[in-house]
Peer 1: 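Below you'll find the structure I mean.
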Amino acid sequence: MNKIVADSMEALAGITNDMTLMVGGFGLCGIPENAIAALVKLGVTGLTCISNNAGVDDFGLGLLLQNKQIKKMISSYVGENAEFERQMLGGELEVDLIPQGSLAERCRAGGAGIPAFYTPAGYGTEVAEGKEVKDFNGKPHILESALTADYALIKAWKGDRHGNLIYKGTARNFNPVMAMAGKITIAEVEELVEPGELDPNFIHTPGIFVQRIFEGSHYEKRIEQRTVRQQQSLS
Amino acid sequence: MNKIVADSMEALAGITNDMTLMVGGFGLCGIPENAIAALVKLGVTGLTCISNNAGVDDFGLGLLLQNKQIKKMISSYVGENAEFERQMLGGELEVDLIPQGSLAERCRAGGAGIPAFYTPAGYGTEVAEGKEVKDFNGKPHILESALTADYALIKAWKGDRHGNLIYKGTARNFNPVMAMAGKITIAEVEELVEPGELDPNFIHTPGIFVQRIFEGSHYEKRIEQRTVRQQQSLS
Amino acid sequence: MLDRNGIAQRIAQELQEGWYVNLGIGIPTLIANYIPDGLNVEFQSENGILGMGPFPFEDEEDADLINAGKQTITALAGASIFDSATSFAMIRGQHINLTVLGAMEVSDTGDIANWKIPGKMVKGMGGAMDLVASADNIIVAMSHTNRKGASKLLKQCSLPLTGVKCVKKIVTNMAVLDVTPEGFKLIERAPGVTVEDIKAATEGRLIVDGDIPEMRIA
Amino acid sequence: MLDRNGIAQRIAQELQEGWYVNLGIGIPTLIANYIPDGLNVEFQSENGILGMGPFPFEDEEDADLINAGKQTITALAGASIFDSATSFAMIRGQHINLTVLGAMEVSDTGDIANWKIPGKMVKGMGGAMDLVASADNIIVAMSHTNRKGASKLLKQCSLPLTGVKCVKKIVTNMAVLDVTPEGFKLIERAPGVTVEDIKAATEGRLIVDGDIPEMRIA
């Protein structure tokens with residue numbers, strides 16, 4: 001198997017206006033920086049983006065928002081992005097806010113061939129509106145449906161040409177479940193390695209879930225909330 | 001956190017007659033050999049065992065069957081065990097056969113707080129009897145419920161006192177999902193290591209899913225179908 | 001009256017040996033600073049880490065290691081990292097022993113609202129709906145009244161709900177209260193706060209049963 | 001007539017570049033011996049491995065590395081290991097391009113029975129129900145008739161079903177057939193087998209449209 005493509009632009013081949021994309025990452029951690037930059041260059045519009053967050057004004061999905069490429073966001077938390085809030089309150093941007101755990105599980109379900117599942121999350125709230133409710137063990141649950149995407153854009157630490165991936169630290173987050181749920185999954189990695197270099201026993205995303213892979217460059221890895229503690233005195 | 005117990009007998013404390021146990025492994029690969037031996041010694045009866053297979057006549061869960069400790073088996077494939085077939089056809093043993101993928105997913109669901117999910121597996125067969133059917137994308141699916149157990153007995157390669165586990169090769173199989181689904185999960189490992197020795201990035205089962213852990217001994221690791229190819233001639 | 005740290009310190013007394021704990025953004029995060037010596041608890045952050053340690057020292061920040069508040073963190077020996085679906089499997093599957101989170105409003109039946117002010121604040125619920133719907137044990141950490149002095153402990157929430165009948169305990173700057181079928185049951189007063197003060201600041205049904213002790217904060 | 005290896009060899013011709021393939025126990029397992037040179041396909045075994053290699057050399061067997069038939073195997077460079085839930089996520093989620101499995105009976109509407117003979121054989125369905133319900137592309141590999149000479153290609157299955165309307169193609173010792181809305185459509189004859197032979201051995205609706213070529217097996 002050889003799923004390697006030359007660069008981010010080649011990786012995005014086939015993405016057109018009005019498609020649904022999943023984009024990995026939590027905040028700015030583990031986002032596919034190269035693929036997002038290429039999407040801006042590609043200029044496709046009317047996108048529906050499924051991503052836990054919407055980036056910040058000048059990075060991550062915020063770049064696509066600034067560029068008016070996104071028609072609809074499906075997210076759990078979008079609090080770090082003023083442009084997002086402006087477009088949403090102004091009615092320019094459709095927004096579907098869903099509980100983070102339901103978002104993660106709906107992506108996994110989409111990749112796992114499970115069209116719907118019951119969860120207690122959101123029962124009794126506006127999230128439950130129009131959804132089936134059923135009691136299990138005396139507790140009400142709502143029926144949530146699977147999510148899939150035309151393309152999933154994800155970011156990993158290392159990968160091989162079979163599409164096998166490993167992630168680093170909490171940059172893993174939504175990337176593995178979105179890899180499963182993309183009809184075409186595009187993985188960008190910090191480092192491409194030879195098959196066999198990744199121990200089969202410790203692969204996070206098996207290659208079967210990945211259709212294209214490339215080595216990204218110039219990772220900025222911006223930190224949203226740099227928080228440190230004081231060095232202890234040596235006494 | 002220190003979840004280490006001295007040995008298999010101490011690990012089994014609290015298991016009594018008529019309980020439901022999950023037992024990890026696929027065939028004889030990755031089964032909790034020490035815990036099964038201790039269950040035989042403990043002599044508890046009337047057990048409901050959830051396990052993909054039922055061992056062979058003289059190993060694995062076959063030992064509990066020989067000893068008439070099992071009232072009911074919930075499995076996907078039991079073809080390697082003559083005593084099993086005898087007890088089942090003779091009406092001594094209740095058996096619930098369920099599709100392997102549904103078994104795995106029902107265990108995961110039990111651990112993940114998802115009381116039920118839809119799957120296409122088994123639609124139109126006797127597995128679907130009495131179950132809700134619903135069409136998604138024009139295809140009928142059946143509603144399957146979560147499985148949990150009073151105790152889950154699982155086997156890993158290495159573990160630490162926090163309960164973090166890694167598995168080796170295909171001995172992983174059902175162990176991670178059963179670890180999630182046990183009210184009390186007992187992990188036996190080939191090797192106990194110090195916290196920090198297992199890379200946080202490559203832990204298969206996070207410690208939160210494990211309540212007790214011990215280092216097993218005398219692993220037999222019996223092979224059911226030893227299959228080899230011929231050495232190539234050196235010409 | 002307690003300050004934010006005081007609220008965190010009081011909640012820290014609720015922790016028990018061996019617990020896995022999820023701390024929300026804001027006051028709950030401060031609880032990690034007040035763990036009693038020798039008590040083993042592990043912190044989960046829903047973006048995918050268990051065994052979260054303190055903030056890193058300067059110049060040791062790792063962009064690939066953050067908590068759900070997007071703050072740089074460290075991982076302790078014995079930590080584990082996992083994806084978002086596994087993280088919420090822990091939460092939804094009730095493997096977390098205690099969840100502490102902030103709120104804008106709580107009702108005397110245990111409803112909570114903390115994610116949306118219609119037409120105004122639209123940040124999203126993040127993991128809060130999963131957490132409150134799943135946890136057996138939820139403590140809300142918040143100020144007793146809002147900036148305008150109005151009670152946040154209500155008969156009924158006015159804001160869109162995050163979850164229904166889920167809050168079990170509330171620790172505010174004025175009091176510790178249990179949520180019972182009969183309403184908010186006053187358990188403790190903050191130092192210098194009278195039962196009358198608490199009555200005046202509580203809009204929902206309040207049960208005052210016998211003498212109400214003052215909190216002990218070491 | 002083909003033998004078991006011939007059936008496997010003929011099915012191997014169906015493989016396409018880049019496919020992920022799940023091979024059932026029995027004849028399907030033999031297909032791995034007939035992969036055309038230079039064709040990249042990866043084998044999945046539902047107990048939790050992708051990139052399964054050949055059987056190990058003697059004395060290199062690893063009890064912790066088996067396939068779904070419980071046979072010792074090897075892992076190729078680029079292989080990956082995963083748990084049972086992830087394995088069936090691949091299967092149920094239609095990430096597998098081809099599933100090949102054996103059958104006791106197939107109906108002319110694509111129903112399949114291969115897991116149970118009431119009162120007699122009770123081995124269980126293993127992963128077969130998940131595989132047949134999920135795969136877009138299923139080939140059944142089997143003998144055309146049973147040991148008593150009765151057809152296994154039926155109007156209706158008599159045994160408990162494994163799945164309904166799922167089989168797309170059948171390769172037997174006598175023929176290659178597609179399952180169409182009108183019944184079994186004869187595509188190829190095995191060497192030395194006549195259309196009349198196949199008609200006689202097929203109980204379900206059989207469509208013979210024009211000249212039926214003989215299989216080419218290298």
Side-chain angles (χ1 to χ4, degrees), chain B residues 1-5 22 104-117 145-149 152 156 158-167 176-185 187 192-213, chain C residues 15-22 35 38-53 62 64-67 73-99 127 129-138 163 166:
Chain B
M1 302 272 180
N2 188 356
K3 301 175 178 174
I4 298 174
V5 293
M22 285 183 181
E105 192 67 17
R106 289 173 71 182
C107 291
R108 180 187 178 276
I114 291 170
F117 60 89
S145 59
L147 289 169
T148 57
K158 296 182 184 182
D160 66 25
R161 59 183 159 80
H162 294 261
N164 294 307
L165 303 176
I166 63 171
Y167 307 91
V177 290
M178 290 183 170
M180 294 170 72
K183 282 171 204 145
I184 294 178
T185 291
L192 270 173
V193 300
E194 285 302 308
E197 283 189 51
L198 302 177
D199 184 337
N201 212 29
F202 296 106
I203 282 169
H204 294 133
T205 291
I208 192 170
F209 295 124
V210 174
Q211 280 66 51
R212 301 176 193 167
I213 186 168
Chain C
L15 299 176
Q16 292 182 22
E17 175 66 22
W19 273 12
Y20 292 95
V21 180
N22 182 294
I35 310 305
L39 191 77
N40 291 296
V41 294
E42 278 190 34
F43 294 108
Q44 195 244 24
S45 193
E46 65 265 28
N47 59 316
I49 182 169
L50 194 68
M52 185 168 41
D62 179 353
D64 291 329
L65 206 56
I66 65 169
N67 64 17
I73 54 162
T74 56
L76 299 174
S80 56
I81 305 272
F82 33 84
D83 65 49
S84 299
T86 305
S87 184
F88 282 91
M90 292 175 190
I91 291 167
R92 211 187 300 100
Q94 306 194 322
H95 302 276
I96 304 286
N97 302 96
L98 175 65
T99 292
M129 283 193 184
D130 308 274
L131 283 159
V132 302
S134 307
D136 261 342
N137 194 6
I138 302 176
C166 50

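In what follows, every chain begins at residue 1, and chains take the letters A, B, ... in the order their sequences are listed.
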Peer 1: Sub-4.5 Å heavy-atom contacts with chain B: which residues of residues 129-137 of chain C show up?
Peer 2: none
Peer 1: Begin with the C-alpha distance, continue with both residues' side-chain angles, and end with the deciding distance and a verdict on side-chain contact (heavy atoms from CB on, under 4.5 Å) for B:Ile208 and C:Glu42.
Peer 2: CA-CA 9 Å; B:Ile208 192 170; C:Glu42 278 190 34; over 6 Å; no
Peer 1: Without swapping roles, check the side chain of C:Gln44 against the backbone of C:Leu50 for a donor-acceptor pair under 3.5 Å.
Peer 2: no
Peer 1: Which bit of C:Ile49 is near chain B, if near means a heavy-atom gap under 4.5 Å: side chain, backbone, both or neither?
Peer 2: neither
Peer 1: Step by step, would you call C:Glu46 with C:Asn22 a side-chain contact (heavy atoms from CB on, under 4.5 Å)?
Peer 2: CA-CA 8 Å; C:Glu46 65 265 28; C:Asn22 182 294; 3.2 Å; yes
Peer 1: Counting heavy-atom pairs under 4.5 Å with chain C, which one of B:Gly207, B:Ala112, B:Gly113 comes out on top?
Peer 2: B:Ala112
Peer 1: Has the side chain of B:Arg161 got a donor or acceptor atom that lies under 3.5 Å from a matching backbone atom of B:Met1?
Peer 2: yes
Peer 1: Please classify the contact between C:Gln94 and chain B as side chain, backbone, both or neither, with a heavy-atom cut-off of under 4.5 Å.
Peer 2: neither
Peer 1: Which answer fits B:Arg108, side chain, backbone, both or neither, if we ask what part of it has an atom under 4.5 Å from a heavy atom of chain C?
Peer 2: side chain
Peer 1: Spell out, as yes or no, whether a donor-acceptor pair under 3.5 Å connects the side chain of B:Lys3 to the backbone of B:Val210.
Peer 2: yes
Peer 1: Just by modelled atom types, is the C:Gly78 backbone N or O under 3.5 Å from a matching donor or acceptor in the B:Asn164 side chain?
Peer 2: yes
Peer 1: Pick whichever of C:Asn97, C:Ile91, C:Ile81 has the most heavy-atom pairs under 4.5 Å with chain B.
Peer 2: C:Ile81
Peer 1: Indicate the ring-plane relationship of B:His204 and B:Tyr167, choosing parallel, tilted or perpendicular according to the 30° and 60° boundaries.
Peer 2: parallel
Peer 1: Counting only N and O atoms by type, is there a donor-acceptor contact under 3.5 Å from the side chain of C:Asn40 to the main-chain atoms of C:Gly18?
Peer 2: no
